[in-house]
Amino acid sequence: AGNNPNPAMRPHILNNSWGCPASEGCTTRAELETIVNNTQAAGIFVQASAGNSGGSGCSSVSEALAIYDASFSAGAIDINNTIASFSSRGPSTYYNPNILKPNISAPGSNVRSITRTSDTAYSNLSGTSMASPHVAGVVALLWSARPSLVRNIAATKELLQNTANPGVTSASQTCGGIASTQIPNNTFGYGRVDALAALNASAPTVGVTGRVLSPEGVAIRNTTVS
C-alpha cells in the first residue's frame with residue numbers, strides 16, 4: 001500500500017532497452033540525467049542499449065539514456081564478432097568534451113528470444129535491445145560470483161571494459177577523432193563483453209597466514225601473504 005519503504009529491496013541492475021527522443025519529451029536531452037545519476041548513486045547498475053541508428057554514422061548514440069556518462073551503453077555485434085551496421089556509433093555529444101560511446105558491445109544480431117505473443121513464442125530479433133541484456137546478465141553473474149563487487153559500479157564498469165575482447169571486426173571508420181582500429185573506439189567501445197575473462201580477472205586473492213620465526217625458532221610475529 002506504499003507504506004514502509006525498504007531501500008534494501010531496490011534492484012541491483014536495470015536494463016534499459018529504450019530511448020527518449022524529442023518527440024517523447026526529451027527536447028534538451030537533460031531530462032533524465034539526474035534520475036540516472038541518482039540511480040547509479042544508489043548502487044544500481046544502469047545498463048542501456050546504444051540505439052539502432054548506426055546507418056546515420058558517427059554520433060548516432062544520441063538519445064537518453066545511452067548518452068549519459070552514468071549509463072553503461074552497449075552496441076551490437078553479430079555471430080562473427082562484426083559490429084552490426086545498425087548499431088549506433090559515438091561519441092556522445094551531450095557533454096563538452098564529448099565522451100566515448102558505446103562502452104562495450106554484445107551479441108545483438110539475429111538473437112533468439114522470447115516474444116510477447118504467447119508463453120511459448122520465440123523469434124529471432126536484432127537490435128542493441130538484444131545486446132544490452134547480455135551485458136546486464138554478465139553483471140548479474142559477476143555480482144553473484146563476486147559479492148565484493150555488488151553495488152560497486154565503478155569497479156564493475158572498469159572490469160567489464162578492461163576484460164572486453166577487442167577482436168571485433170568493423171569497416172574502417174573514425175568517429176570523434178578515434179579510428180575503429182584503436183581500442184577503445186566510438187564504433188564498438190572496448191570490444192565484446194567477456195563473461196569468463198571478467199570472472200577470472202575478479203578472482204579473489206588467496207591469503208596464506210603463518211608465523212615468522214627467528215633462527216632459534218621463536219615466533220616473532222604473525223603475517224599474511226597474498
Side-chain angles (χ1 to χ4, degrees), residues 13 15-19 45-95 97-113 124-139 141-142 153-154 156-201:
I13 306 157
N15 177 64
N16 300 274
S17 290
W18 55 278
F45 195 99
V46 182
Q47 176 62 43
S49 55
N52 304 319
S53 302
S56 60
C58 302
S59 300
S60 48
V61 179
S62 58
E63 296 179 12
L65 306 173
I67 58 174
Y68 300 137
D69 182 54
S71 297
F72 200 70
S73 305
I77 60 172
D78 65 18
I79 196 170
N80 297 312
N81 292 326
T82 299
I83 191 71
S85 59
F86 58 77
S87 185
S88 290
R89 271 65 165 171
S92 167
T93 60
Y94 177 72
Y95 303 98
N98 299 338
I99 64 170
L100 184 94
K101 290 291 177 177
N103 300 87
I104 206 166
S105 294
S109 182
N110 201 31
V111 176
R112 186 164 174 80
S113 177
N124 292 339
L125 303 171
S126 296
T128 56
S129 288
M130 303 305 293
S132 188
H134 280 85
V135 181
V138 172
V139 177
L141 173 67
L142 278 175
I153 310 297
T156 302
K157 288 181 177 180
E158 183 178 9
L159 180 64
L160 291 174
Q161 292 178 159
N162 289 345
T163 59
N165 188 325
V168 176
T169 302
S170 169
S172 179
Q173 183 178 40
T174 298
C175 290
I178 303 175
S180 55
T181 53
Q182 294 180 241
I183 304 296
N185 57 62
N186 287 299
T187 302
F188 54 80
Y190 281 78
R192 186 189 73 239
V193 66
D194 192 325
L196 181 59
L199 186 67
N200 289 340

- [ ] Taking the side chain as every heavy atom from C-beta outward, state whether Asn103 and Gln161 have any atom pair closer than 4.5 Å.
- [x] yes

Open item on the list: Please find the pair of heavy atoms, one from Asn186 and one from Gly176, that lie closest to each other, and give the distance.
Closed with: ND2-CA, 4.1 Å

Open item on the list: Filter on side chain to side chain donor-acceptor pair (under 3.5 Å), then keep only pairs touching residues 164-178, sequence neighbours left out; what's left?
Closed with: Arg89-Gln173, Gln173-Thr187

TODO: Would you check if the side chain of Ser71 reaches a backbone N or O of Val46 as a donor-acceptor pair within less than 3.5 Å?
DONE: no

- [ ] Please report the shortest heavy-atom distance between Gln47 and Ser132, naming the atom on each side.
- [x] CG-OG, 3.1 Å

Task: Residues that Ser73 engages under side-chain hydrogen bond (donor to acceptor under 3.5 Å, both in side chains), provided they are two or more places apart - done: Lys101

Task: Heavy-atom pair with the smallest gap, counting every atom of Thr163 and Ala201 - done: CG2-CB, 3.6 Å

Open item on the list: Can you give me the closest heavy-atom contact between Gly90 and Pro102, atom names plus distance?
Closed with: N-CD, 4.3 Å

Open item on the list: Nearest 0.5 Å, please: how far is CG in Asn52 from OG1 in Thr128?
Closed with: 4.0 Å

Task: From Ile99, Asn98, Thr93, residue fulfilling side-chain contact (heavy atoms from CB on, under 4.5 Å) relative to Tyr95 - done: Ile99

Task: Donor-acceptor pair between Asn15 and Ser17 side chains, under 3.5 angstrom - done: yes

Open item on the list: Apply side chain to side chain contact (heavy atoms under 4.5 Å, CB included) to residues Thr156 and Val139 and explain how you reach the verdict.
Closed with: CA-CA 8 Å; Thr156 302; Val139 177; 4.2 Å; yes

TODO: List for me each residue that meets side-chain hydrogen bond (donor to acceptor under 3.5 Å, both in side chains) alongside Glu63, sequence neighbours excluded, and say none if there are none.
DONE: none

- [ ] Flag the pair Cys175 / Ser59 as yes when at least one side-chain heavy-atom distance between them is below 4.5 Å, and no otherwise.
- [x] no

Open item on the list: Determine whether a donor-acceptor pair (N or O, by modelled atom type, separation under 3.5 Å) exists between the side chain of His134 and the backbone of Pro107.
Closed with: yes

Open item on the list: I'd like to check Asp78 versus Asn110 (side-chain heavy atoms, cut-off strictly below 4.5 Å). Are they in contact?
Closed with: no

TODO: Decide yes or no on side chain to side chain contact (heavy atoms under 4.5 Å, CB included) for Trp18 and Ser49, but give the supporting numbers first.
DONE: CA-CA 7 Å; Trp18 55 278; Ser49 55; over 6 Å; no

Task: Between CD1 on residue Ile83 and CG on residue Asn80, distance to nearest 0.5 Å - done: 13.0 Å

- [ ] Please lay out, stage by stage, how Thr82 and Ile77 fare under the test side chain to side chain contact (heavy atoms under 4.5 Å, CB included).
- [x] CA-CA 5 Å; Thr82 299; Ile77 60 172; over 6 Å; no

Open item on the list: Strictly by ring pair (Phe, Tyr, Trp, His ring centres under 6.0 Å), give each pair with a member in residues 45-70 just once, sequence neighbours left out.
Closed with: Phe45-Phe72, Tyr68-Tyr94

- [ ] Could you list the residues that satisfy side-chain hydrogen bond (donor to acceptor under 3.5 Å, both in side chains) with Ser56, not counting sequence neighbours?
- [x] none

- [ ] Search all heavy atoms of Asn185 against all heavy atoms of Gln182 and return the closest pair with its distance.
- [x] ND2-O, 2.7 Å

Using atom types as modelled, flag every donor-acceptor pair under 3.5 Å from a side chain in residues 188-199 to any protein atom, sequence neighbours excluded.
{"unit_1": "Arg192", "atom_1": "NH1", "unit_2": "Asn81", "atom_2": "OD1", "d": "2.9"}
{"unit_1": "Asp194", "atom_1": "OD1", "unit_2": "Leu196", "atom_2": "N", "d": "3.3"}
{"unit_1": "Asp194", "atom_1": "OD1", "unit_2": "Ala197", "atom_2": "N", "d": "2.9"}

Open item on the list: Donor-acceptor pair, distance only, cut-off 3.5 Å: does the side chain of Ser87 make one with the backbone of Ala84?
Closed with: no

TODO: Could you pull out the closest heavy-atom pair between Ser92 and Ile67, with the gap in Å?
DONE: OG-O, 2.8 Å

